[in-house]
Number of protein chains: 2
Amino acid sequence: MKKNLVKNNIRQLRFMKHEMTQQQLADRVGVTRQTIVAIEKEKYSPSLELAFLIAQVFELPLEEIFSFHPQGTDSSQATSLEEEGK
Amino acid sequence: MKKNLVKNNIRQLRFMKHEMTQQQLADRVGVTRQTIVAIEKEKYSPSLELAFLIAQVFELPLEEIFSFHPQGTDSSQATSLEEEGK
DNA sequence: CTCCAATGTAAAAAATATTTGACACGAAGT
DNA sequence: ACTTCGTGTCAAATATTTTTTACATTGGAG
């Protein structure tokens with residue numbers, strides 16, 4: 001029930017900068033190839049740790065690989081104040 | 001079985017810059033207070049999405065709030081190997 | 001002192017991320 | 001044709017994150 005709002009360019013980076021296969025990247029960050037596939041296809045977003053590890057491999061700041069795309073105009077909260085008493 | 005290698009200064013930020021309570025922060029990023037508590041106490045690291053949301057609230061780059069501290073002698077790769085056969 | 005807001009803790013359930021073990025497909029290479 | 005490699009997919013199992021509920025503590029306000 002949760003959309004994945006995080007995008008990434010792992011696939012491109014894998015080819016461009018550092019020529020490496022899904023399996024190699026997976027090995028370097030210590031996860032399975034499945035995980036890399038899922039993240040590349042954005043089936044879900046990685047854990048913060050994994051994101052850091054990947055950024056480390058590509059020698060790039062995390063935010064240059066992963067980007068957050070809040071809903072349209074994320075207006076969910078901002079205006080809510082009276083959520084006290086339960 | 002996985003240590004939390006990610007640290008953060010949410011607590012400090014909550015007080016300093018933007019004066020807000022755990023509950024308020026939780027509301028703004030759309031999670032429960034429990035989650036904030038757990039993350040502040042570093043019982044585990046947040047999802048990448050939540051990390052992005054928090055960074056957004058504090059108007060700071062994600063990496064200024066969360067930092068990655070690889071294990072003491074991690075160095076598991078660096079000296080890449082050829083891992084094939086499976 | 002009493003009340004309440006803010007924080008800490010805990011445990012079970014729900015949700016999400018990751019693993020494991022297949023199997024399929026196309027592009028090379030032999 | 002056969003084999004290998006890189007990729008995509010699927011499903012079930014395990015791990016990790018998040019929710020829900022509930023209760024304890026501390027400090028300030030009244």
Side-chain angles (χ1 to χ4, degrees), chain A residues 1-55 57 62 65-66 68-69 71 76-77 80-86, chain B residues 1-16 18-55 57 62 65-66 68-69 71 76 80-86:
Chain A
M1 276 240 136
K2 196 163 217 175
K3 278 187 186 172
N4 180 12
L5 306 170
V6 179
K7 305 208 163 149
N8 71 77
N9 10 29
I10 295 183
R11 179 164 263 269
Q12 293 81 325
L13 288 171
R14 241 176 65 241
F15 289 125
M16 320 256 239
K17 300 248 176 189
H18 319 245
E19 177 93 24
M20 56 167 54
T21 147
Q22 295 179 329
Q23 184 65 65
Q24 294 175 314
L25 175 55
D27 287 340
R28 294 204 53 182
V29 298
V31 299
T32 61
R33 184 174 68 85
Q34 267 314 316
T35 303
I36 301 299
V37 174
I39 293 173
E40 271 190 13
K41 303 241 113 187
E42 283 162 6
K43 294 191 74 180
Y44 50 71
S45 38
S47 65
L48 186 51
E49 287 203 19
L50 182 45
F52 268 118
L53 282 166
I54 292 174
V57 166
L62 192 153
I65 303 180
F66 302 94
F68 186 51
H69 297 266
Q71 219 51 299
S76 34
Q77 45 277 90
S80 66
L81 276 306
E82 13 279 299
E83 282 316 340
E84 323 296 280
K86 276 305 212 31
Chain B
M1 290 245 136
K2 196 162 220 177
K3 279 186 186 174
N4 180 12
L5 307 169
V6 179
K7 303 206 167 153
N8 70 78
N9 13 25
I10 295 183
R11 179 162 262 270
Q12 294 82 327
L13 288 170
R14 240 177 67 240
F15 289 126
M16 320 255 243
H18 319 244
E19 177 93 25
M20 56 167 53
T21 151
Q22 295 179 328
Q23 185 65 63
Q24 294 175 315
L25 175 55
D27 287 342
R28 293 203 55 181
V29 298
V31 299
T32 62
R33 185 175 66 85
Q34 267 314 315
T35 303
I36 301 299
V37 173
I39 293 172
E40 271 190 11
K41 303 240 112 185
E42 283 163 5
K43 294 192 73 182
Y44 51 70
S45 38
S47 66
L48 185 51
E49 288 203 18
L50 182 46
F52 268 119
L53 281 167
I54 292 174
V57 166
L62 192 154
I65 302 179
F66 302 94
F68 186 51
H69 295 266
Q71 207 51 300
S76 34
S80 77
L81 304 308
E82 357 282 297
E83 291 313 342
E84 0 274 275
K86 262 320 287 302

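Values reported hereafter were calculated over all heavy atoms of this structure, with side chains retained and with hydrogens, waters and symmetry mates removed. Given the structure is predicted, the values throughout are model-derived calculations rather than measurements. Every chain is numbered from 1, with letters handed out A, B, ... down the list of sequences.
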- [ ] For A/Ile39 and for B/Arg14, locate the closest nucleotide of DNA chain C by heavy-atom distance; then report the residue assigned to the nucleotide nearer the 5' terminus.
- [x] B/Arg14
Task: Minimal non-hydrogen separation, B/Gln22 against B/Ile36, with atom names - done: O-CG1, 4.0 Å
Open item on the list: So which atom in B/Val6 and which in A/Glu49 form the shortest heavy-atom distance, rounded to 0.1 Å?
Closed with: CG2-CG, 3.4 Å
- [ ] Could you state the atom-to-atom distance from OH of A/Tyr44 to C1' of D/dG8 in whole Å?
- [x] 13 Å
Task: Whole-Å gap separating P (C/dT9) and CD (B/Glu40) - done: 11 Å
Task: Minimum-distance nucleotide (side-chain atoms of B/Arg33 versus C/dT18, D/dT18, C/dT7) - done: C/dT7
Open item on the list: Without decimals, in angstroms, what is the distance between B/Lys41 NZ and C/dA6 P?
Closed with: 18 Å
Task: Whole angstrom value for the distance that separates P of D/dG6 from CG of A/Asp27 - done: 11 Å
TODO: May I ask you to evaluate whether A/Arg11 reaches the phosphate of D/dG8, defined as a side-chain N or O under 4.0 Å from OP1 or OP2?
DONE: yes
Open item on the list: Measuring from atom CZ of A/Phe68 to atom CG of B/Leu50, what distance do you get when rounded to the nearest 0.5 angstrom?
Closed with: 9.0 Å
- [ ] In whole angstrom, give the distance that lies between atom CD of A/Glu49 and atom P of C/dT16.
- [x] 20 Å
TODO: Check whether any side-chain nitrogen or oxygen of B/Ser45 sits under 4.0 Å from OP1 or OP2 of D/dT16, and answer yes or no.
DONE: no
Task: Side-chain N or O of B/Thr32 closer than 4.0 Å to phosphate OP1/OP2 of D/dT19 - done: yes
- [ ] To the nearest Å, give me how far apart CD (A/Gln23) and P (C/dG21) are.
- [x] 14 Å
- [ ] Mark yes or no for a side-chain to base donor-acceptor pair under 3.5 Å between B/Gln34 and D/dT20, with no hydrogen or angle criteria applied.
- [x] no
Task: 4.5 Å side-chain heavy-atom contact, B/Asn8 and B/Glu42 - done: yes
Open item on the list: For a quick check of understanding: with a heavy-atom distance under 4.0 Å over all strands, which category does B/Lys43 fall into, base, sugar-phosphate or nothing?
Closed with: nothing
TODO: Search all heavy atoms of A/Leu48 against all heavy atoms of B/Leu62 and return the closest pair with its distance.
DONE: CD1-CD2, 4.1 Å
Open item on the list: Looking at A/Ser47, I'd like to know whether one of its side-chain N or O atoms comes within less than 4.0 Å of OP1 or OP2 on D/dT17.
Closed with: no
- [ ] Round to a whole Å and report the spacing from CG of A/Leu25 to P of D/dG8.
- [x] 13 Å
- [ ] Would you indicate what A/Val31 reaches in the nucleic acid, counting non-hydrogen atoms under 4.0 angstrom: base, sugar-phosphate, or nothing?
- [x] sugar-phosphate
Task: Nucleotide nearest B/Gln22 (side chain, heavy atoms from C-beta), chosen from D/dG8, D/dT7, C/dG8 - done: C/dG8
- [ ] Respond yes when some side-chain nitrogen or oxygen of A/Thr35 is under 4.0 Å from OP1 or OP2 of C/dA17, and no when none is.
- [x] no
TODO: Measure from the side chain of A/Val37, starting at C-beta and using heavy atoms only, and say which of D/dG8, C/dA17, C/dT9 lies closest.
DONE: D/dG8
